[in-house]
Amino acid sequence: MESFLIIAILTASFIVLLMHWGLLLLQIVFAVVVTSFLPTDWFMAAVIIQALFGLWILRQAFQAARYQYQLELEKTQRIPQHYTEGGRSGIKKNFL
């Protein structure tokens with residue numbers, strides 16, 4: 001049970017970093033349902049699902065960091081423009 005909650009909290013913190021509030025709400029609801037209402041027979045499957053989801057969110061966080069770094073290089077004109085080409089600012093609402 002503790003490992004599931006640790007993975008869920010880490011995943012939620014990366015979701016906050018990615019600025020996707022709907023997905024954060026879904027993560028919280030999933031964690032509450034699993035810890036409160038899920039039968040113990042299915043708990044291991046829920047832990048695996050949570051771990052895979054956490055890895056996907058971690059991958060998205062690394063991609064967001066890479067995007068932000070490339071955007072900074074473009075705005076300081078160190079590399080050719082791709083995301084800021086044609087007057088675009090390159091700003092995203094969220095990183096998913």
Side-chain angles (χ1 to χ4, degrees):
M1 178 72 91
E2 293 83 17
S3 62
F4 174 79
L5 289 176
I6 289 171
I7 295 170
I9 291 170
L10 287 173
T11 303
S13 65
F14 279 118
I15 292 172
V16 168
L17 180 70
L18 294 172
M19 299 184 301
H20 199 286
W21 308 119
L23 198 57
L24 178 64
L25 181 65
L26 185 69
Q27 171 65 37
I28 292 170
V29 168
F30 180 71
V32 168
V33 167
V34 167
T35 56
S36 301
F37 304 112
L38 193 71
T40 56
D41 299 342
W42 294 5
F43 184 72
M44 194 55 157
V47 170
I48 292 171
I49 289 170
Q50 181 63 51
L52 291 174
F53 181 66
L55 289 174
W56 180 72
I57 291 294
L58 182 65
R59 178 180 168 267
Q60 294 300 108
F62 280 119
Q63 284 184 345
R66 188 181 67 218
Y67 175 82
Q68 186 65 27
Y69 180 69
Q70 182 159 352
L71 193 63
E72 183 66 31
L73 290 177
E74 285 183 20
K75 287 185 176 185
T76 57
Q77 299 176 351
R78 293 181 184 156
I79 61 173
Q81 292 182 337
H82 174 71
Y83 295 115
T84 59
E85 189 174 43
R88 295 181 295 177
S89 65
I91 296 173
K92 290 185 172 186
K93 184 177 178 182
N94 62 43
F95 290 101
L96 291 179

Nearest-0.5 Å distance, [atom1] of residue [X] to [atom2] of residue [Y]:
X: Leu73; Y: Gln68; atom1: CG; atom2: CD; result: 10.5 Å
X: Leu71; Y: Gln81; atom1: CG; atom2: CD; result: 10.0 Å
X: Ile79; Y: His82; atom1: CD1; atom2: NE2; result: 9.5 Å
X: Ile7; Y: Ile49; atom1: CD1; atom2: CD1; result: 12.5 Å

Next on the checklist: Suppose we call two aromatic rings close when their centres sit under 6.0 Å apart. Are Phe4 and Phe43 close by that rule?
Outcome noted: yes
Do the side chains of [X] and [Y] join up, straight or via other hydrophobic residues, at under 4.5 Å, putting them in one cluster?
X: Val47; Y: Val34; answer: yes
X: Leu58; Y: Ile6; answer: no
X: Val16; Y: Leu18; answer: yes
X: Ile28; Y: Ile57; answer: yes
X: Leu10; Y: Leu24; answer: no

Next on the checklist: A quick test of your reading: do over 12 heavy atoms of other residues, nucleotides or ligands sit less than 6.0 Å from CH2 of Trp42?
Outcome noted: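 Counting other residues, nucleotides and ligands, CH2 of Trp42 stays at 12 neighbours or fewer.
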Checklist entry - Counting N and O atoms only, with roles assigned by atom type, does the side chain of Ser36 sit under 3.5 Å from a partner on the main chain of Val33, one being a donor and the other an acceptor? => result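 No; judged by distance alone, with no hydrogens or angles, the pair does not exist.
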Checklist entry - Step by step, would you call Gln60 with Trp56 a side-chain contact (heavy atoms from CB on, under 4.5 Å)? => result CA-CA 6 Å; Gln60 294 300 108; Trp56 180 72; 3.9 Å; yes
Next on the checklist: We want to know whether Thr11 and Gln50 form a side-chain donor-acceptor pair, criterion being a heavy-atom distance below 3.5 angstrom.
Outcome noted: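 Indeed, the side chains of Thr11 and Gln50 share at least one donor-acceptor pair under 3.5 Å.
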Item to check | Shortest non-hydrogen contact between Pro80 and Glu74, atoms and distance | outcome: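 Result for this residue pair: O-CG, 3.8 Å.
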Next on the checklist: Please give me the minimum heavy-atom distance between Val32 and Thr35, naming the atom from each residue.
Outcome noted: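 Val32 and Thr35 have their closest heavy atoms at O-OG1, 3.2 Å.
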Checklist entry - Ile15 versus Leu26: any side-chain heavy-atom pair under 4.5 Å? => result no
